[in-house]
Amino acid sequence: MIQINNIKKVFRTEELETLALNNVSFTIQQGEFVAIMGPSGCGKSTLLNILGMLDSPTEGQYIFNEQEVGKLKGRAKTQMRKSHVGFVFQSFNLIEELTVFENVELPLVYLRIKASERKTMVNAILKRMKMAHRENHFPQQLSGGQQQRVAIARAVISQPKLILADEPTGNLDSKNGQEVMQLLTELNQAGTTVIMVTHSKRDAHFAHRVVNLFDGKLVTTQGNA
């Protein structure tokens, strides 16, 4: 599903050049759950942004679903991201002015799905995430765990092939964190590929495989028993 070949990412300013990723290569199969670990500043989030097509590598090749992402024009890349990739962030990234229902519905609006279909799909995913009773609440009226459930609902509402999770339990207590990891596991077991950046060894244990980065380089990759 994903093939990364000799990816480099360089950030340049007038005075400074920073090598964030240095010849990173790996493959991820459809249906895998992969954790990316490493110290702060090692390139984890940069790699996740490239995998999510939010950023482009300076050098190297990224193949997603047998298509070379670097050869896609802006609109085609945006459409591929909207159709196939869901994002879950540490800070939830919900829109405060929108209700739970409206936050989850938003990706379907961008995909121009009919209002009647949107309603059915949103109701179904909120029920699955046990958040249907909060559909008319605003994010500030929810606990951290509830906000992350809504964020996951929004990420999966368009049935993406890939979920990218950046420290999904970073702002949660252990109980809510465990529940979020269980949700990601259930989504993965249903066939969705999950790639998660984390500092937590506990969370990484949910993954099939752990990729370790250090100073922008892939240093080890290991499977979980």
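Just the heavy atoms: all of them, side chains too, but no hydrogens, waters or symmetry mates, feed the values below. Along the sequence shown, residues carry numbers from 1.
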Considering all heavy atoms, the nearest Leu108-Ser158 contact: CD2-CA, 4.3 Å
With no hydrogens and no angle check, is any side-chain donor or acceptor of Lys44 less than 3.5 Å from a backbone partner on His199? no
Is there a path of hydrophobic side-chain contacts, each under 4.5 Å between heavy atoms of I/L/V/M/F/W/Y residues, joining Val24 to Val34? yes
Decide side-chain contact (heavy atoms from CB on, under 4.5 Å) for Leu218 and Leu213; before the verdict, give the C-alpha distance in whole Å, the side-chain angles of both, and the deciding distance to 0.1 Å. CA-CA 5 Å; Leu218 192 156; Leu213 293 178; 4.1 Å; yes
Indicate the atoms forming the closest heavy-atom contact of Val10 with Thr58, along with that distance. N-OG1, 2.8 Å
Is it the case that the side chains of Asp203 and Thr169 hold a donor-acceptor pair, with the cut-off being a distance below 3.5 Å and no angle test? yes
Please enumerate all residues that pass side chain to side chain donor-acceptor pair (under 3.5 Å) together with Glu105, with sequence neighbours excluded. Arg118
Pairwise distance CE(Met129) to CD(Gln148) - rounded to 0.5 angstrom: 10.5 Å
What pairs meet the salt bridge (Lys or Arg N to Asp or Glu O under 4.0 Å) rule with one or both residues in residues 126-146, with sequence neighbours excluded? none
Test side chain to side chain donor-acceptor pair (under 3.5 Å) applied to Lys201 - qualifying residues, sequence neighbours left out: none
Do Val180 and Leu172 make a side-chain contact, defined as non-hydrogen atoms from C-beta onward lying under 4.5 Å apart? yes
Under a 3.5 Å distance rule, please check whether Gln141 uses its side chain to pair with a backbone N or O of Phe138 as donor and acceptor. yes
Asp55 meets the salt bridge (Lys or Arg N to Asp or Glu O under 4.0 Å) criterion, sequence neighbours left out, with Lys9
Is any side-chain heavy atom of Thr193 less than 4.5 Å from a side-chain heavy atom of Asn188? no
Tell me, do Met80 and Leu72 make a side-chain contact under 4.5 Å, heavy atoms counted? yes
Would you indicate whether the side-chain heavy atoms of Leu47 and Asn49 approach each other to under 4.5 Å? no
Could you tell me which non-hydrogen atom of Ala35 sits nearest to which non-hydrogen atom of Thr198, and how far apart they are? CB-CG2, 4.4 Å
So Leu51 and Phe64, side-chain contact (heavy atoms from CB on, under 4.5 Å) or not? Walk me through it. CA-CA 9 Å; Leu51 293 173; Phe64 179 83; over 6 Å; no
Show the nearest heavy-atom pair for residues Asn171 and Ser91, with the distance to one decimal. ND2-CA, 3.8 Å
For Glu186, enumerate each residue passing the salt bridge (Lys or Arg N to Asp or Glu O under 4.0 Å) test, keeping only those at least two apart in sequence or located in another chain. none
Assess the side chains of Lys77 and Ser56: does a donor N or O sit below 3.5 Å from an acceptor N or O? yes
Greater than 12 external heavy atoms within 6.0 Å of Glu66's CD: no
Please name all residues satisfying salt bridge (Lys or Arg N to Asp or Glu O under 4.0 Å) with Arg154, sequence neighbours left out, ordered by chain then number. none
Which word best sums up how the rings of Phe89 and Phe87 line up, parallel for under 30°, tilted for 30 to 60°, or perpendicular for over 60°? parallel
Enter the distance from Thr46:OG1 to Leu54:CG here, rounded to the nearest 0.5 Å. 11.5 Å
Any side-chain heavy-atom pair of Phe101 and Asn123 under 4.5 Å: yes
Sorted by chain and residue number, the salt bridge (Lys or Arg N to Asp or Glu O under 4.0 Å) partners of Glu117 (sequence neighbours excluded) come out as none
Ring-plane angle category for His208 and Phe33, please: parallel below 30°, perpendicular beyond 60°, tilted otherwise. perpendicular
Has Phe214 got more than 12 heavy atoms of other residues, nucleotides or ligands less than 6.0 Å from its CZ? no
How far does NE2 of His84 sit from CD of Gln159, to the nearest 0.5 angstrom? 12.0 Å
Which pairs with one or both residues in residues 18-41 pass salt bridge (Lys or Arg N to Asp or Glu O under 4.0 Å), sequence neighbours excluded? Glu32-Arg209
For the residue pair Pro139 and Ile95, what are the closest heavy atoms and their distance? CG-O, 3.6 Å
Decide yes or no for Leu142 and His137: does some side-chain heavy atom of the first lie under 4.5 Å from some side-chain heavy atom of the second? yes
Under the side chain to side chain donor-acceptor pair (under 3.5 Å) rule, collect the residues that match up with Gln222, sequence neighbours excluded. Asn212
Within-4.5 Å side-chain heavy-atom neighbours: Met196 and Ile163: no
For Ser25, check side chain to side chain donor-acceptor pair (under 3.5 Å) against everything at least two apart and list the hits. Asn6
What salt bridge (Lys or Arg N to Asp or Glu O under 4.0 Å) pairs are there with at least one residue in residues 212-222, not counting sequence neighbours? none
Please report the interatomic distance CE(Met1) to NZ(Lys161), rounded to the nearest 0.5 Å. 7.0 Å
Verify the cluster assignment for Tyr62 and Leu19: are they in a single hydrophobic cluster under the rule of side-chain heavy atoms below 4.5 Å apart? no
Can you pull out every salt bridge (Lys or Arg N to Asp or Glu O under 4.0 Å) where at least one residue sits in residues 164-180? Sequence neighbours excluded, please. Arg149-Glu179, Lys175-Glu179
When you look at Val104 and Leu126, which way does the side-chain contact (heavy atoms from CB on, under 4.5 Å) test go after all the steps? CA-CA 8 Å; Val104 176; Leu126 287 178; 3.9 Å; yes
Quick check: do Gln146 and Val100 have side-chain heavy atoms less than 4.5 Å from each other? no
Minimum heavy-atom separation for Leu48 to Leu164, with atom names? O-CD1, 3.7 Å
Do Met37 and Ile7 sit in the same hydrophobic cluster, where Ile, Leu, Val, Met, Phe, Trp and Tyr count as joined when their side-chain heavy atoms come under 4.5 Å apart? no
In sequence, state the C-alpha distance, the side-chain angles, and the governing distance for Val156 and Thr192, and then conclude on side-chain contact (heavy atoms from CB on, under 4.5 Å). CA-CA 9 Å; Val156 302; Thr192 305; 5.9 Å; no
